[in-house]
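Take a look at the structure below.
Here is the naming used below: chain letters follow the sequence lines, and residue numbers restart at 1 for every chain. Treat the numbers as computed from the prediction; the structure is a model and nothing was measured.
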Protein chains: 2
Amino acid sequence: MENSDRLAAFLERMKRKGKRLTPQRLAIVQAVLVHGGHPTVEQIHRQILPAYPTTSLATVYKTISLLKEEGEILELEFGERGNRYDGIRPKPHPHMVCTRCGTILDLELSGLEADVARLAREVGFEVESHRLDIFGICPACKQKG
Amino acid sequence: MENSDRLAAFLERMKRKGKRLTPQRLAIVQAVLVHGGHPTVEQIHRQILPAYPTTSLATVYKTISLLKEEGEILELEFGERGNRYDGIRPKPHPHMVCTRCGTILDLELSGLEADVARLAREVGFEVESHRLDIFGICPACKQKG
DNA sequence: ATAAATGCAAAGACTTTGCAGGTAC
DNA sequence: GTACCTGCAAAGTCTTTGCATTTAT
């Protein structure tokens, strides 16, 4: 699905639910769904402040929360400062995180989904979500020593 | 390795490093390394308080930190209240977490280590650690509705 | 008109830290 | 004796919440 289509579809769905499309909300949603990286709440806030100077951090948090509930973004918790969000690929997928510089890489691991499902079946769990995070040193940081 | 051996070996190593074996530290280390579940800092604190009433939460935090650095425990971050610790199996392994009642199950997934290593190699990362966490509803909670 | 969203500041939850006093060695 | 450890309280971080005001519809 194209980004613009996805954005439009989401806004339509929000409207149907009686949610209001305020300028702040629109700006946040667009910024998150289009952001190519893994921004923090702070980063999103700073990004839209120039165009929407009245936007508060609290509103960004609330809107991110909304996007989370709607399954439009994936929340990444790396135990560092501030969670990160992936608005492009909301489905769980592995990540590699540099513990030196914070670089985050999206990965693909075919068979993971099936393994997770099998493990859950074996113990009688009903899977809601999962995460595979790999922590280490990225090539650039390795070179720097 | 037997628990008692492991404890003794760890204490020996600490001594060699000039670390002091205070009563509080001993109590905390023993409690964590022997605990069969996935206790929080709070739980460890409450557990040793009766026998060592002067122990502070801060000291538990500091000692847990020490155990972490020494690779004697695995830190589990599930984004809920308080991290949990596994003092029995310090090596990374998958976990299944019930989002209703908090139950945590240790799992085994052969091939995960190799997959992680391969992914890291492909992108040039040097792996420090990894985690596979599965969130969902446990059988007991499913039954309760 | 009115239910919902915003912004602000305060509160929360967990963890870390600074420091004075205590203690293992 | 002394370097390390403890306990206390304060500070720090990120996030959530309460509430008066504004606003999309």
Side-chain angles (χ1 to χ4, degrees), chain A residues 10-32 38-46 48-70 73-85 97 102, chain B residues 10-32 38-46 48-70 73-85 97 102:
Chain A
F10 172 69
L11 295 180
E12 187 50 45
R13 183 146 43 93
M14 289 301 91
K15 236 176 187 164
R16 250 184 280 130
K17 293 192 179 186
K19 306 284 186 188
R20 292 181 183 172
L21 307 184
T22 65
Q24 296 94 327
R25 191 171 272 182
L26 283 171
I28 297 165
V29 168
Q30 178 146 31
V32 174
H38 304 83
T40 63
V41 165
E42 277 278 344
Q43 287 170 337
I44 292 297
H45 187 223
R46 279 204 302 274
I48 64 176
L49 262 191
Y52 300 86
T54 76
T55 309
S56 71
L57 243 196
T59 294
V60 181
Y61 271 108
K62 287 167 185 164
T63 305
I64 292 274
S65 191
L66 179 66
L67 284 164
K68 229 191 311 176
E69 287 163 18
E70 294 293 326
I73 58 176
L74 181 67
E75 186 175 43
L76 310 178
E77 303 173 301
F78 294 145
E80 11 161 63
R81 335 234 142 165
N83 293 341
R84 295 176 167 275
Y85 298 88
V97 185
Chain B
F10 172 68
L11 295 180
E12 186 51 45
R13 183 146 43 92
M14 290 299 92
K15 236 175 187 165
R16 248 184 282 130
K17 293 193 179 186
K19 306 285 187 189
R20 293 184 182 168
L21 308 183
T22 66
Q24 296 94 328
R25 193 171 271 182
L26 282 171
I28 297 165
V29 168
Q30 177 146 30
V32 174
H38 304 84
T40 63
V41 165
E42 277 279 343
Q43 287 170 337
I44 292 296
H45 187 223
R46 279 204 301 274
I48 64 176
L49 263 191
Y52 300 86
T54 76
T55 309
S56 72
L57 243 195
T59 294
V60 181
Y61 271 108
K62 285 167 186 165
T63 304
I64 292 273
S65 193
L66 179 66
L67 285 164
K68 228 191 311 177
E69 286 165 18
E70 293 294 325
I73 58 176
L74 181 66
E75 187 174 41
L76 310 178
E77 303 172 301
F78 294 144
E80 11 161 63
R81 333 220 136 180
N83 293 341
R84 295 176 167 274
Y85 297 88
V97 185

### Message
Need one value for Ser65(B): base, sugar-phosphate or nothing, where a base atom within 4.0 Å counts as base even if backbone is also close, heavy atoms only.
### Response
nothing

### Task
For dG7(D), take OP1 and OP2 only and decide whether either is under 4.0 Å from a side-chain N or O of Thr54(B).
yes

### Query
Any side-chain N or O of Thr59(B) under 4.0 Å from OP1/OP2 of dG7(D)?
yes

### Length of the line joining Ile64(B):CD1 and dT6(D):P, which is rounded to integer Å
13 Å

### Task
Give a yes or no on whether Glu75(A) atom CD has more than 12 heavy-atom contacts from other residues, nucleotides or ligands under 6.0 Å away.
yes

## Note on the structure
Here the pair of heavy atoms bringing Ile48(B) nearest to Ala27(B) is CG2-O, 3.8 Å

### Message
Using whole Å, what does the distance between atom C1' of nucleotide dG7(D) and atom OH of Tyr52(B) come to?
### Response
17 Å

### Query
For Pro53(B), which contact category applies under a 4.0 Å heavy-atom criterion: base, sugar-phosphate, or nothing?
nothing

### Message
Looking at Arg20(A) and dT23(D), is any side-chain donor or acceptor paired with a base atom of the opposite kind under 3.5 Å?
### Response
yes

### Query
Which pair of non-hydrogen atoms, one from Thr55(A) and one from His45(A), has the smallest distance, and what is that distance?
O-NE2, 2.9 Å

### Task
Return the 5'-most residue of the pair Thr22(B), Val41(B) with respect to DNA chain C, ranking by each residue's nearest nucleotide.
Val41(B)

### Message
Counting only side-chain nitrogens and oxygens, does Tyr61(B) get under 4.0 Å of the OP1 or OP2 atom of dT15(C)?
### Response
yes

### Query
Roughly, in whole Å, what's the span from CE in Met14(B) to P in dC4(D)?
14 Å

### Query
Taking CD from Glu42(B) and P from dC14(C), how many angstroms apart are they, rounded to a whole number?
8 Å

#### Entry: Distance, rounded to the nearest Å, where Lys68(A) contributes NZ and dT16(D) contributes P
6 Å

### Atom-pair distance (CZ on Arg16(B); P on dC4(D)), nearest Å
18 Å

#### Entry: Name of the residue among Ile64(A), Ile44(A), Leu76(A) meeting side-chain contact (heavy atoms from CB on, under 4.5 Å) with Tyr85(A)
Ile64(A)

#### Entry: Gap between atom CZ of Phe10(B) and atom CG of Leu21(B) - 0.5 Å precision
9.0 Å

### Message
Can you see if the side chain of Ser56(B) gets near the phosphate of dC8(D) - specifically, an N or O under 4.0 Å from OP1 or OP2?
### Response
no

### Query
For His45(B) and dT6(D), what is the distance between atoms NE2 and P respectively, to the nearest whole Å?
12 Å

### Message
If you assign each of Arg81(A) and Pro23(A) to its closest nucleotide in DNA chain D, which residue comes earlier from the 5' end?
### Response
Arg81(A)

### Message
Students often get this wrong, so: under 4.0 angstrom with heavy atoms, is Lys62(B) touching a base, only sugar-phosphate, or nothing?
### Response
base

### Euclidean distance, atom CD of residue Gln43(B) to atom P of dT15(C) [Å, nearest integer]
12 Å

### Query
For Leu57(A) and Gln24(B), take the nucleotide of DNA chain C holding the closest heavy atom to each; which residue's nucleotide lies nearer the 5' end?
Leu57(A)

### Summary
Picking from dA5(C), dG7(D), dC5(D), the nucleotide nearest the side-chain atoms of Lys19(A) would be dA5(C)

### Query
Is Asn83(B) near enough to dC14(C) that one of its side-chain N or O atoms lies under 4.0 angstrom from OP1 or OP2?
no

### Task
Using a strict 4.0 Å threshold on nitrogen-to-oxygen distance, state whether Lys19(A) and Glu70(A) make a salt bridge.
no

